[in-house]
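Contents: one structure, followed by commentary.
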Amino acid sequence: MSYTAPIPDMLFVMKALAGLDELPKLRGCKEVTPDVVEQILEENARFSSTVLAPLNAIGDREGSKLEQGAVTTPLGFKEAYRQFAEAGWPALEGPPQFGGQGLPKLVGAPALEMWKSANLAFSLCPMLTVGAIEALVLRGSDALKQAYLPKMVAGAWTGTMNLTEPQAGSDLALVKARAVPEGDHYRIHGQKIFITYGEHDWTENIVHLVLARTPDAPPGVKGISLFVVPKFLVDRDGSLGARNDVQCIKLEEKLGIHASPTCVMAYGEREGAIGHLVGEENRGLEYMFIMMNAARFAVGMEGLALSERAYQKAAAYAKERVQSRELGGSGSQPVTIIHHPDVRRMLMSMRAGTEAMRALAYVVAGALDRAHRHRNERERLKAQAFADLMIPVVKGWLTETSIEVSSLGIQVHGGMGYIEETGAAQFYRDARITTIYEGTTSIQANDLVGRKIAREAGATAKAVVKDMKATLRAVKRIEGEDFAALGRRLGAGVKAVEQCVDWIVASYAADPRAVHAGSVPFLELMGIVSGGWQMARAALAAHDMLAKGEGDAEFLRAKIVTARFFADHYLAQAPGLCETVIAGAPGVMALAAEQF
């Protein structure tokens with residue numbers, strides 16, 4: 001199945017909504033001009049479509065295999081990674097002091113989208129490596145940085161994150177892995193599950209970041225430390241030494257992402273795996289959240305990427321499949337199904353949802369750049385607060401929406417969508433995991449209402465509502481039915497978010513269970529309205545460009561129409577979701593546990 005990167009929409013969103021033209025003003029971004037960015041995206045699109053995309057179906061069919069502790073990835077994957085590393089793609093956002101290119105998140109986000117659209121299973125390994133690099137940059141000692149980061153940034157070594165244990169699941173307070181001090185290192189004992197690319201055949205070394213407890217650690221999450229545990233020990237001169245006491249003992253058989261090895265890892269089956277402490281003891285969960293936040297944003301990008309790929313596949317099929325006469329048409333011959341109203345509705349739902357996801361994700365990427373690189377501290381803090389609020393929305397709403405979009409892709413194909421060789425089903429199966437790993441939708445929603453809204457009395461959320469209202473006022477100044485409808489629906493959506501934020505702030509202390517009972521509907525509401533907000537901004541930008549005679553007129557008119565569709569079919573849900581959030585708790589908690 002072919003893949004074409006949607007570069008026109010990517011660049012439009014980057015320029016019109018996410019601040020691409022402002023990047024050269026940020027620290028370390030002087031050379032990151034729009035022309036340079038466009039060249040990077042074009043080259044990445046070529047690599048993604050010609051090298052990664054052809055392997056996607058192969059990887060799904062073959063899967064990874066485990067034999068005597070060694071994992072073999074599907075045909076072509078190892079060679080593709082060699083090309084990926086030689087081209088410098090692992091270093092795209094890497095720190096320059098360790099050989100990286102230091103490019104901003106707003107450039108990395110569309111590159112990441114392309115890799116994940118082309119071949120999600122392939123993309124997971126470099127994605128996790130980026131998170132491990134970030135954790136070591138921020139919290140690792142100089143010795144650890146020098147030993148590991150140059151190789152990891154170059155893609156010569158890859159990284160993993162090891163949190164989950166069989167008895168713990170998402171409750172990391174129950175982690176039992178042990179770390180016993182021994183001289184300048186620790187001996188790690190324990191088992192971790194769901195470790196993506198914990199073992200593979202791409203690189204000579206794999207660097208595991210592992211949560212474990214030291215002997216005197218306090219109970220619960222306050223007693224967790226973080227350790228670097230390499231597959232092969234690293235000698236003082238940087239060369240590889242003996243094999244460490246860590247191995248993959250099982251590969252999980254999964255619904256999707258078959259090419260990605262999901263490993264059960266055993267540490268210390270013999271003498272104990274040698275590990276080195278990252279930062280201070282008992283602060284491991286704090287450090288691991290650096291990786292988790294990076295991964296949560298990246299997993300949200302997976303929802304976007306799979307939606308784009310599912311949409312392309314469905315649209316192509318709808319233009320080819322001939323079935324039934326056109327309703328209201330004068331001809332007697334059957335037509336391609338793209339002429340049928342409900343197929344159009346499904347395709348527009350896929351298109352509008354995908355464009356809204358892209359707009360929101362790229363805007364958050366731009367905010368992360370300002371948070372780290374803006375020269376004004378006040379602007380950095382403002383941008384970080386916005387990004388912190390939106391990351392659970394990006395992770396939760398984009399992935400949940402991708403399930404709907406990829407499911408519609410199967411429906412467009414009709415009976416053929418149920419047949420694996422068609423390829424539509426793979427996107428649905430792959431999308432289904434994205435709402436679960438790196439924290440389920442419920443975990444994202446709990447974070448949103450608890451840490452991000454209630455804890456700060458809704459300050460950042462209210463600031464976002466204020467910005468939404470400014471966009472709404474601009475929309476209402478534009479004549480025409482498309483903008484009138486967009487204004488009505490966005491206005492109702494903003495009102496719904498504002499009411500829910502006020503209710504969460506007022507209710508949380510007295511009845512937190514009621515708030516959390518509606519946390520997932522609130523996350524959905526926040527995603528829909530935030531997506532609608534960005535689609536409205538996109539429509540305004542398109543309107544201005546049309547008035548000035550700039551850009552591709554057909555593309556810009558389609559952007560306005562798609563925003564109108566999003567308003568009528570997505571934003572229209574906002575008032576009902578608000579009712580569910582505020583009034584839906586009694587039915588959630590009414591039955592006793594024994595009644596289920």
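Predicted model, so just to flag it, every value in this text is computed and none were measured.
By the ring-ring contact (aromatic ring centres under 6.0 Å, His included) test, Phe555 is found to be paired with Phe12, residues two or more places apart in sequence or in another chain being considered. Phe566 is linked by a ring-ring contact (aromatic ring centres under 6.0 Å, His included) to Tyr570, counting only residues two or more places apart in sequence or in another chain. A search for ring-ring contact (aromatic ring centres under 6.0 Å, His included) contacts involving His543 returns Phe483, not counting sequence neighbours. Remark: Phe297 pairs with no residue by the ring-ring contact (aromatic ring centres under 6.0 Å, His included) rule, at least two apart or across chains. Partners of Thr262 by side-chain hydrogen bond (donor to acceptor under 3.5 Å, both in side chains), not counting sequence neighbours, listed by chain and number: Lys254. Taking Glu252 as the reference, Lys250 meet the salt bridge (Lys or Arg N to Asp or Glu O under 4.0 Å) condition, with sequence neighbours excluded. For Lys559, the salt bridge (Lys or Arg N to Asp or Glu O under 4.0 Å) partners two or more places apart in sequence, or in a different chain, are Asp9, Glu355.
Between Ile453 and Val505 the shortest heavy-atom distance is CG2-CG2, 4.1 Å. Contact between Thr399 and Lys395 at its shortest, heavy atoms only, is OG1-O, 2.6 Å. What you find for Asn44 and Pro110 is that their closest heavy atoms are ND2-O, 4.5 Å. Pairing each heavy atom of Ser402 with each of Ala431, the nearest pair is OG-CB, 3.7 Å.
A salt bridge links Asp447 and Lys452; the closest N-O separation between the charged side-chain nitrogens and carboxylate oxygens is under 4.0 Å. We find that Glu165 and Lys192 are joined by a salt bridge, their nearest charged nitrogen and carboxylate oxygen being less than 4.0 Å apart. Salt-bridge check for Glu308 with Arg358: passed, with a basic side-chain N closer than 4.0 Å to an acidic carboxylate O.
A ring pair (Phe, Tyr, Trp, His ring centres under 6.0 Å) check over residues 359-409, counting only residues at least two apart or in different chains, returns nothing. Sorted by first and then second residue, the side-chain hydrogen bond (donor to acceptor under 3.5 Å, both in side chains) pairs involving residues 121-131 (not counting sequence neighbours) are Lys116-Ser123. Among pairs with a residue in residues 508-541, those fulfilling ring pair (Phe, Tyr, Trp, His ring centres under 6.0 Å) read Tyr508-His516, at least two apart in sequence or across chains. Legend: salt bridge (Lys or Arg N to Asp or Glu O under 4.0 Å) pairs involving residues 463-478, not counting sequence neighbours, sorted by first then second residue: Lys469-Glu498. The list of salt bridge (Lys or Arg N to Asp or Glu O under 4.0 Å) pairs with a residue in residues 560-581, not counting sequence neighbours, reads Asp482-Arg564, Arg489-Asp568, Arg564-Asp568.
Using modelled atom types and a 3.5 Å distance limit, the side chains of Gln534 and Arg537 yield a donor-acceptor pair. Side-chain atoms of Thr441 and Glu400 include a donor-acceptor pair closer than 3.5 Å.
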